[in-house]
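Quick notes on the structure that follows.
Letters go in sequence order (proteins before strands), and every chain restarts at 1. The model shown is predicted, which means the values in this text are computed figures rather than measured ones.
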There are 2 protein chains.
Amino acid sequence: MKVTIYDVAKKAGVSIATVSKVINNKGNISEKTRKKVLDVKKKLDFHPNVMASALTGKKTKTIGLLIPDLANPFFSDLARNIEDSANELGYNLIMCSTDYLAEKENKYLSLLKQKNVDGFILASGFEDLRKIQELMEENIPVSIIARDSPMIPINTVVIDDFMGGYQATSYLISLGHENIGIIARNIWSNRERLRGYKQALEDNGIKAPGHIEYAEEISIGWGKKITQNYLNSDNPPTAVFTCNDLLGIGAIHAAREYGISVPEQLSVIGFDDTMIATIIAPSLTTMAQPVQIMGKEIMELMVGMIERNEIIKQIILMPELVVRESTAKVIKKYF
Amino acid sequence: MKVTIYDVAKKAGVSIATVSKVINNKGNISEKTRKKVLDVKKKLDFHPNVMASALTGKKTKTIGLLIPDLANPFFSDLARNIEDSANELGYNLIMCSTDYLAEKENKYLSLLKQKNVDGFILASGFEDLRKIQELMEENIPVSIIARDSPMIPINTVVIDDFMGGYQATSYLISLGHENIGIIARNIWSNRERLRGYKQALEDNGIKAPGHIEYAEEISIGWGKKITQNYLNSDNPPTAVFTCNDLLGIGAIHAAREYGISVPEQLSVIGFDDTMIATIIAPSLTTMAQPVQIMGKEIMELMVGMIERNEIIKQIILMPELVVRESTAKVIKKYF
DNA sequence: CAACGAGAGTTAAGCGCTTCACTTTCAAAT
DNA sequence: ATTTGAAAGTGAAGCGCTTAACTCTCGTTG
């Protein structure tokens with residue numbers, strides 16, 4: 001049978017209260033008893049039941065991580081880094097893929113609440129803030145990562161998406177491109193990157209396109225599809241900024257299919273800097289998100305909130321341009 | 001404050017026992033009371049505390065998933081599929097990356113045991129079976145996925161790695177290759193694939209290499225490194241079988257660097273059929289693992305075991321050859 | 001019409017732990 | 001010798017829930 005605090009108490013000849021105190025380093029216990037208890041604990045291989053202690057108000061050391069899609073390399077990479085950091089701090093993660101569906105988000109939220117997680121890390125969409133506010137009202141720690149920081153006081157770790165879009169576009173402009181396409185999905189981060197893109201164009205006296213076609217999913221297929229549309233248009237761009245690597249891969253695939261060489265005839269710049277950026281040929285120039293640091297920071301915010309009721313912080317990190325092979329100077333055509 | 005079963009009972013004018021019975025569909029409750037209780041439950045938005053009911057012997061509906069590395073696309077893909085299936089069956093997953101380190105495996109195991117998970121799915125190495133046997137003795141459901149089925153009665157979902165290696169190699173042989181290299185890591189699944197490779201060679205009257213150099217990690221870098229060694233050798237192979245896609249990508253990268261074209265001068269066949277196989281150019285021929293089915297099957301085994309004490313099963317699925325662009329008929333040189 | 005038993009509910013113990021309030025012990029101070 | 005009080009430890013309530021055992025109603029039945 002499972003060994004409980006009673007077994008330890010009995011064998012050590014003390015009360016369960018004493019055992020509890022030894023284990024939690026509380027109250028006054030003589031060195032002798034402490035040693036005795038610890039000995040017995042080890043001998044019986046006793047591990048306190050987390051459920052039971054959670055019932056009395058202690059923490060479960062478990063955090064819910066809501067992420068759009070674990071199979072997306074950016075998010076699995078991010079999740080892995082959060083996990084590592086969580087592990088170091090003594091926490092475990094329940095991971096849930098939401099596919100950007102509010103329905104799933106809400107379902108997981110209430111499910112995990114029942115399971116007494118100590119807090120939530122949301123990497124998912126949550127276009128609707130009410131649920132988040134509800135959590136905060138219930139005093140459940142929530143942090144947000146890799147998405148917008150909404151206009152409510154909440155812990156966040158984000159990158160400056162606007163700046164990322166701005167830098168990516170500026171880089172293309174610096175290579176001489178003037179007709180630059182964009183591929184984005186209609187989610188917050190992408191909209192910000194789009195905003196940066198437009199700003200960069202404007203700052204350089206280039207007219208931004210009025211209408212842009214959104215990808216309906218973040219996938220290679222959609223990147224390809226929209227690139228094809230660009231390529232079929234009257235005035236195809238010499239460069240595209242794709243709001244993440246997956247879409248960028250799609251762009252490169254589309255170009256290949258059309259016999260258009262990257263980067264000579266079409267420059268492509270991605271976003272995220274996931275592993276796949278280095279797999280493709282030509283390797284993808286991209287804006288890197290510092291996922292390792294992000295993972296570390298978010299867990300520190302969470303634990304600070306859970307264990308020490310720390311003040312709310314918003315951490316904004318800068319994405320960084322990683323130049324690879326998919327971008328080049330534009331070749332001017334003189335007529 | 002949090003709403004408990006007492007609140008519901010009081011408001012519904014019944015005892016907490018009655019509420020409990022209504023919620024769990026047990027015992028005899030009149031239609032009238034049942035409705036009343038359900039009404040109040042909804043009105044108060046009551047959700048039973050999982051910890052508390054777990055304490056009384058019920059399930060936590062949480063399963064521990066130990067996986068080598070969430071950032072590895074094969075495993076993140078697998079994890080996502082397990083998650084989907086778990087979700088459908090009403091379970092959540094605590095995911096842990098072990099990096100094939102026994103130390104981490106054991107740490108997570110004991111940590112999650114304290115958290116009363118209903119069972120474990122192990123996709124990790126666990127070269128040492130003792131820990132698994134310990135779990136089984138403690139009557140904790142354990143299943144194994146995507147690794148060897150050890151010689152103990154335990155639920156498993158695996159693919160036939162030996163067959164996979166055999167088929168991949170046979171395919172290369174059928175293309176006329178006779179000098180075929182292999183790239184593997186020294187873990188069970190890879191050793192099996194290697195065994196299949198040797199068998200296929202032997203069955204076709206080709207001498208298998210005596211010594212093979214193992215990759216120390218499953219990574220593009222190691223795939224590249226070992227391919228370079230092959231390419232630098234006296235008698236470089238015309239094809240390589242890499243025991244997973246990541247290593248295969250490395251092989252293609254190495255070839256590109258050496259100015260050796262794939263598949264004309266070097267055929268490469270991978271294993272897993274992860275997304276990255278379709279990203280690279282030339283796209284990677286590979287042995288596909290049916291991750292979706294695997295995820296579904298493993299969860300059904302788990303739930304069968306947890307909820308219905310079902311008998312142990314071992315499910316062996318067949319990998320499937322997916323031909324893409326990285327393999328071609330060997331070009332015979334006539335002197 | 002008394003006896004019976006199924007149906008509908010309730011009581012209370014217990015799951016494994018934490019912690020407040022309390023008791024006991026004993027050395028130092030008066 | 002008595003008082004004091006910090007140190008060391010214990011008792012027991014309570015966290016939110018399940019469930020075995022029990023009680024109370026009634027409609028049936030012989």
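Using a 4.0 Å cut-off, some side-chain N or O of B:Thr18 falls inside it from OP1 or OP2 of C:dT10. For C:dA6, the OP1/OP2 oxygens have no side-chain nitrogen or oxygen of B:Asn28 closer than 4.0 Å. In this model, the phosphate group of C:dC17 is not approached by any side-chain N or O of A:Ser53 to a distance below 4.0 Å at OP1 or OP2. Using a 4.0 Å cut-off, no side-chain N or O of A:Thr56 falls inside it from OP1 or OP2 of D:dG14. Between A:Asn49 and the phosphate of C:dC15, there is no side-chain N or O to OP1/OP2 separation shorter than 4.0 Å. At the phosphate of C:dT19, OP1 or OP2 sits under 4.0 Å from a side-chain N or O atom of A:Lys26.
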Could you run down nucleotides 20-28 of chain C 5' to 3' and tag each one B, S or - for protein heavy-atom contact under 4.0 Å?
---------
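Side chains of B:Arg34 and B:Asn25: a donor on one and an acceptor on the other come within 3.5 Å.
Along DNA chain D, the nucleotide nearest A:Val14 and the nucleotide nearest B:Pro48 are compared for position; the residue whose nucleotide lies closer to the 5' end is A:Val14. Of the residues near DNA chain C, B:Ala52 and B:Lys32, the one whose nearest nucleotide (by heavy atom distance) lies more toward the 5' end is B:Lys32.
Heavy-atom neighbours of B:Arg308 CZ from other residues, nucleotides or ligands within 6.0 Å: above the threshold of 12. Residue B:Lys296 qualifies as open at atom NZ: its count of foreign heavy atoms under 6.0 Å is 12 or below. Around NZ of B:Lys11, the count of heavy atoms belonging to other residues, nucleotides or ligands within 6.0 Å does not exceed 12. For A:Gln114, the CD atom counts as densely surrounded, since its 6.0 Å shell holds more than 12 non-hydrogen atoms of other residues, nucleotides or ligands.
Among the protein residues, B:Ser20 comes within range of the nucleic acid bases, having at least one heavy atom under 4.0 Å from a base atom. Counting any heavy atom pair closer than 4.0 Å across all strands shown, B:Thr4 reaches sugar-phosphate atoms only and no base atom. The residue B:Ser30 sits close only to the backbone: its heavy atoms come under 4.0 Å of sugar-phosphate atoms, none of a base.
The two residues A:Lys2 and A:Asp7 have their closest heavy-atom pair at O-OD2, 3.8 Å.
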